[in-house]
Amino acid sequence: MARSGNFNVSYRQEIAIFRTLGQKLWLGLLGVILLAYPLLFGEYYVYIINFALIAIIAALGLNLLTGYTGQISLGHAAFLAVGAYTTAIFSSMGLPFILVLLLSALTSLILGLIIGFPSLRLEGLYLAIATMAFYFIVAYVIAHWTDMTGGQYGLKVAPLRVLGLPIDSNTRFYYLLVTFVVASVYFATNLARSRVGRAFVAIRDRDIAAEVMGIDVARYKLISFAVSSAYAGMAGSLYAYFVGILAPEHFGFDVSIQYIAMIIAGGLGSIEGAIIGALFISLLPEGLRFVTGALASSFPELSSNFLLLKEGVYGLIIVLFLIIEPTGIYGIWRRIKDSWDTFPYKYRG
Amino acid sequence: MGTEILQLMIGGFATGSIYALIALGFVLIYKATGILNFAQGELMMVGAYIYFALVTELQLPFLAAFLLTLVLSGILGLVLEFVFIERMVGEPVFSVVVITLGLASLLRSLTGIVFGVLEKGLATPFSGKSLAIGPLVIWQTHAYAIVGGVALFIIFMAFFKFSKTGIGMRAAAEDQDVARLMGINIGRVFGLSWIIAAVVASVGGIFYGDLSFLEPHMSFFGLRALPAALLGGLDSVGGALIGGLAIGLIEGLAGGYLGGTGQELAPWILVLVILMARPYGLFGTREIKRV
C-alpha cells in the first residue's frame, strides 16, 4: 500500500529521529546484528570490521566538512595522523584512555581551526591546495621530528585499558568501537539536522546567499572544520590504540584520497553515505584479495602488486562514481526505496 | 665562493625549468577549463616512463624516442580529456578536480603495475656529461633543461599571442559562453590544453628522470610544481616560468647552504604564505566574486 506521508501531531513527533514503527524495528534488528557480529563471524572478520568502524568515524567528519559544508579537504590524513600521534605520546605517559582520547580530538581540532582560517578567504581549488600543503607539512614534521614521533622507526602506543578492563582482543575492541560509532553517528545526525547543519548546507549551496540571509559564514565554516578534524582526531586515536604501533606510512597522501573515495562512493552530504562509503571502501580490499587470489595463476603480477592495485581501484571508484552516479550508493538506495514506496506513482506527493 | 654560488644557481635554475614546464601544464588547463589538474605530476611521470620504454625496449635513438614520447603523451592527454573531463563540462568544480585526483591514483597504480615500483635509471645522450665554461663546470642535462624549458616557453607565449588557435584559447579562458558564441570550438580548446599540458609535462619528466631516477612516486615531484604555478599566478603563462625558476632557485640555494631535506618542506610553506597573502599570485588576475 502506498504511504501518503507521516503526519505529525505534536512537536515531539516533529523532532523525533525515528518516526515510524518500521524504522524502529529495522534499527532494533541492526542493533541485534551489531551485538551478535563477533559471535557470528571469525576473529579475522572482526579485525577487518574494526578498521571499517574506525573509518566510519573519520568519514563522518569528512562528510560534515566536504559533503555538508562544501569545503574540499585533501588533508584528512593529517588530522588522523595528529590524533594518532597525540594518543601515542600521551598514552605512554600513563594518562587514562578517555583523557587521551579527548586530548587527541582537541589537538586535531585546534589544527583544524588553524587550517580553517585560510578557508575563510579561500574557496574551492585554492582551499584544496591549502589543505594539501597543510598535509605535506604535517607529514614532513611527523617523518622528521624523530624525538617526538620516532620517525621511520615508529612509535609504540601503550596498551588500552578502559575503566580497568584491558581491551586486548579484537572482540573487545569491536564493542568499544561500536559504542563510539553509535555515539558519533548520533551526534553527527543531530548536528546535521540542527541550526548548525542547516547553516552548513546553506554555505555549501551558495555562501554569499547564506551570508545575506544572516548566517555567520566565517563562524560556521570554522565550526565545520573544528568538528570534522575532531572526528578525525578521535578516529586517529582509536586507530593508534588498535594497531599498537605507528609509522608515517600509515598516513600517506593516499589515505586522504581514500577518505574522499569513501564519501563519494557512499554519498556526499548524508550521514548514511559516510557510513556506507566507509564500509564499502574498507571492505573492498578483502573483495579485491579474493579476486586477485582467484586470478593469481593467470595474472601473478596482480597479487604481487596488491597495494598498487588497491590505490588504482580507489582512483577508479572516485572517477566512475563521479561520472556515473554522483549521489553515491546511498543515492541509489534512496531511489530504489522511493520508487518502491510510491509505486505505482513516480513521485512522492 | 663566487663560482660555488653560480653552480648552485645553475642547478637551481635547471630544476626550476622542470618545475616551470610542469607548472605550465597546470596553468594551461586552469586557463582553458577553470580546473586544477591534480594528475599533472602523473602526466610527467608517465611521459618519463614512455621515453624509458621506447629507449630500453625498442632501442630507439634519443631524438626519435624523444619526439615519439611527445606524440604519445599528447595522445594520452587527449584521451584523458575526452574520456573523463569532456563529459564533466558544467558539473561543479569540486567533481572535476576530484576526478583528476582519482585519475592521478589510477595512473600511478597502472604505471607501478606495468613497470614495477623499483627505481630505474633513465639515460639521455647528455647524462653524466659536464660542460666547462670558464671556471664553471655544469652538467649538460642542467644546461639542456634550462635552454629547452625557456625555448618551449617562448614558443608557447608566441603561440598564445599570435596564432589564431592560441588567441581562441585565451578567449575561452576569459569567458566560455562568449567564446562559444564567437564561434570558438570549446571542446577543441579543452582537448588542446590537455594535449599541451601532457606534452610539456613529459619533457619535464624526461629531464627530471635524467637528473634523478624513475619511480611511480616521482609524480609527487610534479606536485611540487604547484607552488611555482601559484607563485606566478594560476592563469599566467609567463608567471609559470618565473615562478618555476624562482622556486627552483630557492630550493637549490637552500639545499646547497642549509642542506638537509628542508627543500621538501619549503615549497609547501611558501604555498600557504602565497595563499594567505596573494592567492592570485604575482602575475595572475584578481578574481572578483559576484552573486
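Quick caveat: nothing in here was measured; it's all calculated off a predicted structure. Here is how names work: the chains are called A, B, and so on, in the same order as the sequence lines, proteins then strands, and each is numbered from 1.
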### Task
On the 0 to 90° scale, with breaks at 30° and 60°, tag the A/Phe136-B/Phe220 ring pair as parallel, tilted or perpendicular.
perpendicular
### Task
Using a 4.5 Å cut-off on heavy atoms from C-beta on, say whether the side chain of B/Leu223 contacts that of A/Met132.
yes
### Query
Which distance, rounded to the nearest 0.5 Å, do you find between the CG of B/Leu226 and the CD1 of A/Ile129?
4.5 Å
### Query
chain A heavy atoms under 4.5 Å from B/Arg87: which part of the residue, side chain, backbone, both or neither?
side chain
### Query
Roughly how far, to the nearest 0.5 Å, is CE of B/Met276 from CG of A/Leu120?
8.0 Å
### Message
If I measure from the heavy atoms of chain B, does A/Ile257 come under 4.5 Å with its side chain, its backbone, both, or neither?
### Response
side chain
### Query
Once you round to the nearest 0.5 Å, how far does CZ of A/Phe253 lie from CG of B/Leu101?
6.0 Å
### Message
Is A/Leu268 in contact with chain B via its backbone, its side chain, both, or neither, using a 4.5 Å heavy-atom distance?
### Response
side chain
### Task
Compare all side-chain heavy atoms of A/Leu322 with those of B/Val96 and state whether any distance is below 4.5 angstrom.
no
#### Entry: Contact origin within B/Ile35 toward chain A - heavy atom pairs under 4.5 Å
backbone
#### Entry: Rounded distance [0.5 Å steps], OG in B/Ser105 versus CD in A/Glu311
5.0 Å
### Message
Please rank A/Leu125, A/Leu127, A/Ile318 by heavy-atom pairs under 4.5 Å with chain B and give me the top one.
### Response
A/Leu125
#### Entry: Atom pair OH (A/Tyr126) and CG (B/Leu275), whose distance is rounded to the nearest 0.5 Å
8.0 Å
### Query
Between B/Val271 and A/Ala133, which heavy-atom pair has the shortest distance, and what is it?
CG1-CB, 3.8 Å
### Message
So for atom CZ, which belongs to A/Phe51, do other residues, nucleotides or ligands contribute more than 12 heavy atoms lying within a distance under 6.0 Å?
### Response
yes
### Steps toward side-chain contact (heavy atoms from CB on, under 4.5 Å) verdict (A/Val319, B/Val98)
CA-CA 8 Å; A/Val319 172; B/Val98 176; over 6 Å; no
### Task
Hey, could you give me the CZ/CD1 distance between A/Phe306 and B/Ile113, rounded to the nearest 0.5 Å?
10.5 Å
### Summary
Cut-off 4.5 Å, heavy atoms of chain B, and the answer for A/Ile264 is side chain
